[in-house]
Amino acid sequence: MPRSLNSWSRRACNPLWVVAALAANACSGAPSFDAAPFRQTQGDARSKRGPATTTPIKHIVFIIQENRSFNNLFMGFPNATTASFGYDSHGNRVRVRPRDLWSKWDPGHNSQDFFLACDGKGKLPGTKCTMDGFENEKSEPNAPLNLPFSYVPQSEIAPYWTLARDYVLADHMFASNLDGSFIAHQYGIAAYASRAVDYPVGTWGCEGGKSDTVTTLTKARKIGASITACFSNPTIASEADAAGVSWRFYADSIYGTGGFWSAYQANEPIYDGPDWKNDVVNPPSQFLTDVAKGQLAAITWITPIWANSDHPVGAKGGPAWIASLVNAIGTSKFWKSTAVFIMWDDWGGWFDPVKPIYKDYDGLGFRVPLLIVSPYARKGSVTHEQYETASILRFEEDDFGLGQLAKADARANDPANDPATFDFTQKPRKFKKITGSKPASFWMQLERTPSQRPADDGLGD
């Protein structure tokens with residue numbers, strides 16, 4: 001698809017070169033009720049200093065999987081807050097039943113599904129969740145009754161439980177946004193999405209030009225005006241470039257089965273600049289090859305193809321994929337200087353018993369899993385510290401001396417400060433391989449197979 005013909009006008013509005021927040025908002029086309037995004041600049045010296053860090057961590061790897069609530073993947077995990085039953089909107093107790101990771105049914109998970117599941121009783125929709133409306137989320141016509149009240153059997157996701165037992169599992173990790181994957185992945189790079197909500201009409205980024213739009217969410221949590229699904233917001237990548245910090249974003253081609261999760265396609269300064277060719281890398285298995293060759297950027301994102309994503313409807317490869325990624329890092333020369341954050345981008349419609357805390361019009365969303373893997377991570381620790389998607393960005397910012405990008409990362413807790421997560425005074429732990437991984441050649445072959453993404457069910461990705 002053609003790039004936008006208005007590329008120059010968007011570049012002229014790049015907030016990296018526009019200091020005033022109001023000017024940045026005008027460029028993005030977003031409503032003006034919120035002052036975000038903003039940056040806390042630290043002077044020109046930052047760009048000359050190079051990649052010095054505040055901890056022993058010199059490499060941060062952020063792996064983003066798809067559409068699982070915490071309770072869905074870790075129900076019954078020791079010392080974690082989970083529930084074997086919930087309540088529907090009529091007050092009936094509903095048992096949470098086992099369902100395969102590759103379930104052929106996909107619960108709804110857009111903003112309206114959030115409000116329905118939350119069943120908010122506050123002044124604004126969803127400000128005071130009672131967590132008793134999950135059965136009201138949209139699902140396919142033939143979906144089982146109470147589909148969202150499901151959990152994945154431990155035997156199907158053994159690598160995740162192994163990682164949780166050996167490292168850190170965060171059981172109060174929430175999505176920074178309240179809806180689905182398009183917005184979630186923008187929060188994963190920018191802690192902000194120009195107040196957009198739900199999914200674009202057309203492609204998920206700048207390749208569609210002005211014809212691809214996405215709606216916004218008002219301060220009253222109502223659907224607002226539409227804007228182009230191509231943003232000019234500053235990102236971790238743009239700050240890293242300015243600071244001399246290397247980065248890579250590994251993803252499927254934007255025309256592949258996981259390409260809609262390639263977040264920088266919706267960021268004009270990256271998409272229409274040299275970084276798109278140099279630092280956005282396809283396919284995701286190239287990460288395994290690069291690490292084996294002794295190449296690892298200071299900041300790395302990895303998103304999967306559909307088959308490895310953990311998304312419902314046929315995606316079976318996630319646990320082995322994650323085991324392969326972690327093993328590649330753990331057996332490399334980078335292990336002693338790396339922290340790996342593995343999170344699932346949104347709740348995917350699955351039941352969770354923990355109420356999200358109302359922060360603003362867009363968050364927090366429902367609880368999602370977060371695994372933290374590092375030679376400095378506490379062994380077998382379940383941390384109850386409140387985290388959100390932007391907490392991983394905050395860790396990156398604080399570690400490399402970058403400024404905050406928006407309200408979400410400014411408010412987010414940094415895991416580096418959590419004694420239940422990291423101990424940077426300890427001797428780096430030796431790595432123990434995770435069972436269930438597969439060689440790089442397996443993933444490369446899988447990425448070459450025909451599309452495995454199912455037809456769009458209208459419920460979102």
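Between Tyr376 and Phe424, the ring planes are tilted. Angles from 30° to 60° get that label. Ring geometry for Phe422 versus Phe341: interplanar angle over 60°, hence perpendicular rather than tilted (30 to 60°). Ring geometry, Tyr264 versus Trp247: the interplanar angle falls from 30° to 60°, so the pair is classed tilted. Using a 30° and 60° split on the angle between ring planes, Phe134 and Phe366 fall in the tilted class, from 30° to 60°.
A donor-acceptor distance shorter than 3.5 angstrom exists from the side chain of Trp301 to the backbone of Gly188, with no hydrogens or angles considered. The main-chain N or O of Ser285 is found under 3.5 Å from a side-chain atom of Glu447 such that the two form a donor-acceptor pair. The backbone N or O of Ala420 lies less than 3.5 Å from no partner atom in the side chain of Arg378, so there is not a single donor-acceptor pair. Panel note: side chain Glu388, backbone Asn177; no donor-acceptor pair is recorded below 3.5 Å. Checked by atom type and distance alone, the side chain of Ser139 never pairs as donor or acceptor with a backbone atom of Ala143 at under 3.5 Å. Between the side chain of Trp161 and the backbone N or O of Leu73, at least one donor-acceptor pair lies under 3.5 Å. Between the side chain of Asp113 and the backbone N or O of Asn110, at least one donor-acceptor pair lies under 3.5 Å.
Comment: Lys407 does not engage Asp360 in a salt bridge, judged by the lack of any side-chain N to carboxylate O separation of less than 4.0 angstrom. Ion pairing of Arg248 with Asp279 is present here, as a side-chain N (NZ or NE/NH1/NH2) and a carboxylate O approach within less than 4.0 Å.
Note that OH of Tyr387 is 8.0 Å distant from CG of Leu370, once rounded to the nearest 0.5 Å.
In this model, a donor atom of one side chain and an acceptor atom of the other lie less than 3.5 Å apart for Asp345 and Ser181. No hydrogens or angles considered: a donor-acceptor pair under 3.5 Å links the side chains of Thr53 and Lys58. Side-chain polar atoms of Thr235 and Asn267 form no donor-acceptor pair below 3.5 angstrom. Looking at Ser111 and Asp198, their side chains do bring a donor and an acceptor atom within 3.5 Å of each other. Side chains of Thr130 and Asp132: a donor-acceptor N/O pair is present below 3.5 angstrom, by distance only.
Phe334 pairs by the ring pair (Phe, Tyr, Trp, His ring centres under 6.0 Å) definition with His59, not counting sequence neighbours. Contacts of Trp105 classified as ring pair (Phe, Tyr, Trp, His ring centres under 6.0 Å), with partners at least two apart in sequence or in another chain: none.
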Dump the intermediate steps for side-chain contact (heavy atoms from CB on, under 4.5 Å) on Phe231 and Gln186, then the final yes or no. CA-CA 9 Å; Phe231 310 125; Gln186 290 305 301; 3.7 Å; yes
Residues Ser89, Glu135; criterion side-chain hydrogen bond (donor to acceptor under 3.5 Å, both in side chains); working and verdict: CA-CA 8 Å; Ser89 55; Glu135 87 280 8; 2.4 Å; yes
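Within 6.0 Å of CG on Asn92 lie more than 12 heavy atoms contributed by other residues, nucleotides or ligands.
Figure legend: Arg93 and Phe85 shown as a cation-pi pair, the cationic atom lying under 6.0 angstrom from the six-membered ring centre and within 45 degrees of its axis.
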